[in-house]
Every structure is written in C-alpha cells, then in structure tokens.
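Since the structure comes first, as structure tokens, the remarks are kept for the end.
First listed ligand is number 1; within each ligand, the first listed atom is number 1. Quick caveat, the model's predicted, so the values are computed rather than measured.
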Amino acid sequence: MQEGFTEDELRLTTMDLWFEEKLEPPVGTTFRVLVNRTIERFRSEYQEIAVLETEKLGKMLILDGVIMLSEFDEFAYHEMIIHVPLLTHPNPKKVLVIGGGDGGSIREIVKHKEVEEVHLCEIDRAVVEVSKRHLPTLSSGFSDPRVKIFYEDGAKFVKNKKGEYDVIIVDSTDPVGAAVVLFEEPFYRDMYEALKPDGIIVSQCESIYYHQDLIKRMLSFISNIFELTGYYYSLVPTYPSGTIGFAFCSKKYNPLKDLDEKRYYKLGKLKYYNPQIHKTSFCLPAFIRELLPPDLLKINNDLIV
Ligand code: SPD
C-alpha cells in the first residue's frame with residue numbers, strides 16, 4: 001500500500017469511478033457520485049437507461065444521463081409528491097400517475113387505503129421492467145391489485161379522459177425531448193378536463209435555484225386554468241441544487257386549509273413527510289416570492305407563520 005494513505009483514501013484518490021451529471025440548463029457546475037459498478041445499462045426505444053451501484057447512495061437510476069433517483073434520498077421526493085395532494089383531497093379514490101415508471105410514487109399511493117384505483121401511464125415499458133429487476137424497494141407497489149399500468153404517451157392519454165380522476169401526479173423527467181409537452185399549457189388544459197370537479201394535480205417542477213424561468217412560465221399559465229395554485233418544495237441532495245419543487249393545482253381544496261391529518265396517522269412510518277412539513281414546504285424564500293407575483297401563488301398566500 002502507498003505510504004501515508006489508508007486503503008479507503010487510495011480508492012477515493014486513484015481508482016475511483018465517478019458518474020457525472022451535467023446540469024441542464026448549464027449552470028457552470030456538475031454533480032458527481034462515486035460509483036462501485038454499473039448494474040445494467042442499455043438503450044430502450046426512448047432513452048438510455050442505467051442502474052448504478054454507488055459507494056454511498058445505494059442504487060441510482062439514470063435516464064439519458066440525468067439522475068432520476070437514488071435509494072439514499074428518493075423518499076424525500078416521492079413522499080412529498082404524493083402525500084401532500086392525497087392528504088389534501090378528502091376522498092381520493094382514483095389516482096393517475098404520468099411518468100413515474102420506477103414505481104416510487106405508486107409505492108406511496110398504495111399506502112392510502114381509500115384509494116380504489118391507481119393508473120400509471122408510463123411511455124417507456126423498459127423503465128418499469130428495470131425497476132422491477134433492480135429496485136425492489138421502489139417497485140413494490142406494482143403488485144398491488146389496485147394498480148393498472150398503461151404504456152402510452154401521457155399527453156395523449158389524458159386527452160381522452162373526462163372527469164375521471166381525483167388526483168393526477170406528473171412524476172416526469174426534466175423538460176427535454178419527449179417530456180417537453182408535459183411542461184406546456186395544452187397538457188394542463190387536458191388534465192383539467194381529466195379531473196373530477198374537485199380534483200388536484202401535483203407536478204414535478206424543478207429547482208427554485210436553477211429553473212426560475214420555467215417555474216414562472218408554468219405557474220403563469222397554470223394560474224389561468226386552475227382555481228387555486230401554489231408551489232412547494234422538498235430537499236433532495238441528489239437533484240440539482242439539492243432541492244426540487246412541485247406545482248400544486250387545485251379546483252377546490254387548499255393544502256393549507258384542507259389537510260386531513262387523521263389519515264396521515266394511518267399511513268405507517270414515513271421518513272420525510274409529516275403534517276408540519278406539509279404546510280411549511282409552501283413557505284418560499286424571499287427571492288422566489290419576488291419572482292412570482294402573489295396571484296400565481298394563491299395557496300402560498302394563505303400561510304400564517
Ligand atoms: N432532475 C431530475 C428530476 C427528476 C424528477 N423525476 C424523478 C422520477 C422519480 N420517480
């Protein structure tokens with residue numbers, strides 16, 4: 001062994017293998033993760049898919065070079081994208097997830113006993129299959145009898161639905177390639193129609209540090225469509241800037257007034273979500289309040305702190 005180095009230090013300095021995510025849009029930084037081995041890597045009909053075993057973050061799912069999740073912190077994303085809307089809606093019986101082929105969102109939805117039907121619309125069958133092969137803690141919910149999977153384009157899928165869903169979750173990749181339409185106004189108009197008269201949508205809406213133009217553009221058109229809109233965020237170290245936000249779009253219910261705390265205690269032990277963070281995650285830093293006019297954030301305006 002080289003003098004002066006422990007075996008661990010040597011591995012980190014000389015034989016290391018790093019996955020590097022290039023951020024889009026470029027922000028002059030990259031994010032690197034120390035990797036032990038590539039478990040699987042291939043090209044599906046839609047994208048390049050890789051599952052890596054990392055040194056410290058468990059397994060990681062990468063789509064087209066972008067980190068979708070790590071076992072280390074995926075709970076902070078999936079619990080927040082699901083339990084905030086599902087505990088706001090008083091009786092979510094039928095839920096649709098667009099994207100989310102890894103199964104993390106489905107795993108959280110099936111914890112809700114009042115949910116009777118869950119539809120997953122994922123364009124790429126290979127994502128579901130790779131998750132079933134290598135990410136059992138994520139894909140466990142697929143075997144729940146309430147879950148039905150559709151391998152279709154999410155934007156086309158919702159066009160044919162009218163007044164069907166209580167809650168729709170957009171668990172998408174970044175707005176690149178086929179996913180661009182999921183960040184556009186026509187898709188939100190179609191989802192509005194696909195919801196029941198008191199329905200809720202929550203969508204992945206990127207980083208308050210790196211995607212301010214996108215967030216402002218989306219909240220502008222969303223607030224013209226939905227009665228109530230707002231933005232909240234979660235802390236996820238493996239996503240760019242360590243935060244990821246969500247757009248909350250609602251026809252009737254307000255997450256700050258209508259949270260059904262009793263149902264939270266029936267979900268079993270969670271790692272990130274609790275009723276306090278449900279509310280405080282809508283507290284936004286001053287620079288975002290300044291970026292977004294108050295009429296785009298009707299929900300956040302109701303915060304009493
Ligand atoms: N920058 C990556 C954002 C990815 C968000 N979606 C992740 C899917 C996990 N179910």
**Request:** Taking the six-membered ring for Trp and the full ring for Phe, Tyr or His, determine whether the centres of Tyr239 and Tyr77 are under 6.0 Å apart.
**Result:** yes
**Item:** SB check Lys196 Asp166 (cutoff 4.0 Å)
**Value:** yes
**Request:** Report the residue from Tyr232, Phe75, Tyr264 that forms a ring-ring contact (aromatic ring centres under 6.0 Å, His included) with Tyr273.
**Result:** Tyr264
**Item:** ligand 1 contacted by Ser207 (non-hydrogen, < 4.0 Å)
**Value:** no
**Request:** Could you list the atoms of ligand 1 found under 4.0 angstrom from a heavy atom of Ser172?
**Result:** 4 (C), 5 (C), 6 (N)
**Message:** Tell me the protein heavy atom at minimum distance from atom 8 (C) of ligand 1, and give that distance in Å.
**Reply:** Asp171 OD1, 3.2 Å
**Request:** Using a 4.0 Å heavy-atom threshold (strictly under), name the region of Thr173 that reaches ligand 1: side chain, backbone, both or neither.
**Result:** neither
**Request:** Record the part of Glu74 in heavy-atom contact with ligand 1 below 4.0 Å; permitted values are side chain, backbone, both and neither.
**Result:** neither
**Request:** Examine ligand 1 and decide if any of its atoms is less than 4.0 Å from a heavy atom belonging to Leu61.
**Result:** no
**Request:** Ignoring angles and geometry beyond distance, decide whether Tyr77 reaches within less than 3.5 Å of ligand 1 through its nitrogen or oxygen atoms.
**Result:** yes
**Request:** Number the atoms of ligand 1 from 1 as they appear, then name those within less than 4.0 Å of a heavy atom of Ile67, with their elements.
**Result:** 2 (C)
**Request:** Please find out if less than 6.0 Å separates the ring center of Tyr188 from that of Phe221.
**Result:** yes
**Message:** Rounded at 0.5 Å granularity, tell me how far SG in Cys121 sits from CZ in Phe157.
**Reply:** 5.0 Å
**Message:** Checking contacts here: is it the side chain or the backbone of Ser105 that comes within 4.0 Å of ligand 1, counting heavy atoms only? Could be both or neither.
**Reply:** neither
**Asked** Should Ile98 and Ile169 be marked as a side chain to side chain contact (heavy atoms under 4.5 Å, CB included) after you check the CA-CA gap, both sets of side-chain angles, and the distance that decides it?
**Response** CA-CA 6 Å; Ile98 294 177; Ile169 305 294; over 6 Å; no
**Asked** Going by an N to O cut-off under 4.0 Å, is there a salt bridge joining Arg189 and Glu185?
**Response** yes
**Prompt:** Between Glu40 and Arg133, is there a side-chain N and carboxylate O pair less than 4.0 Å apart?
**Reply:** yes
**Message:** Show the atoms of ligand 1 that are less than 4.0 angstrom away from any heavy atom in His78.
**Reply:** 9 (C), 10 (N)
**For Asp174, the ligand 1 atoms whose distance to one of its heavy atoms is below 4.0 Å** = 1 (N), 2 (C), 3 (C)
